[in-house]
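Residue numbers start at 1 and run along the sequence shown.
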Amino acid sequence: MEPEILYGIGALLLLIALVWGVSRGRLKSRTAESISEESTREIYQEPERFDETRRDQLNRAAESAEASAEKREDTSGA
């Protein structure tokens with residue numbers, strides 16, 4: 001196999017990874033982002049009080065906000 005082909009394949013894989021990363025960043029709703037920021041702030045400000053149940057609560061809230069944003073996007077695009 002010639003090296004030029006490998007460079008082309010590598011560039012194509014890099015492009016695919018970049019497109020995937022950018023598209024995943026756009027899927028987050030503002031509500032999900034704010035919930036994520038709140039949990040990060042709580043972890044760093046009061047790590048001893050931020051337990052597993054609180055982390056699970058915030059993760060569920062962020063997932064719920066993301067799902068509702070995707071649902072709204074699907075209904076408005078259809």
Side-chain angles (χ1 to χ4, degrees):
M1 213 178 215
E2 295 183 28
E4 292 84 15
I5 293 174
L6 292 175
Y7 291 130
I9 292 172
L12 183 63
L13 290 175
L14 181 61
L15 177 66
I16 291 170
L18 288 171
V19 167
W20 179 80
V22 168
S23 68
R24 286 295 295 163
R26 290 185 183 167
L27 290 179
K28 283 210 171 220
S29 67
R30 296 230 185 254
T31 307
E33 285 179 10
S34 66
I35 292 170
S36 177
E37 288 176 14
E38 177 186 349
S39 66
T40 303
R41 204 173 16 258
E42 283 185 22
I43 287 173
Y44 286 106
Q45 287 178 352
E46 300 175 17
E48 64 279 348
R49 287 186 52 203
F50 191 80
D51 59 352
E52 292 291 321
T53 56
R54 180 66 176 149
R55 184 180 328 167
D56 291 341
Q57 279 179 336
L58 291 171
N59 282 339
R60 281 194 303 273
E63 289 170 1
S64 173
E66 186 65 31
S68 66
E70 287 176 2
K71 210 183 271 187
R72 279 194 308 269
E73 186 177 291
D74 288 343
T75 57
S76 66

Could you identify which residues cluster with Leu15, counting Ile, Leu, Val, Met, Phe, Trp and Tyr as linked when any side-chain heavy atoms lie under 4.5 Å apart, either directly or through a chain of such contacts? Val19
Joint hydrophobic cluster, Leu6 plus Leu14, side-chain heavy atoms closer than 4.5 Å: no
Report the residues that fulfil side-chain hydrogen bond (donor to acceptor under 3.5 Å, both in side chains) with Gln57, sequence neighbours left out, ordered by chain and then residue number. Arg54
Would you give the length of the straight line joining atom CD1 of Ile16 to atom CG of Leu12, rounded to the nearest 0.5 angstrom? 4.0 Å
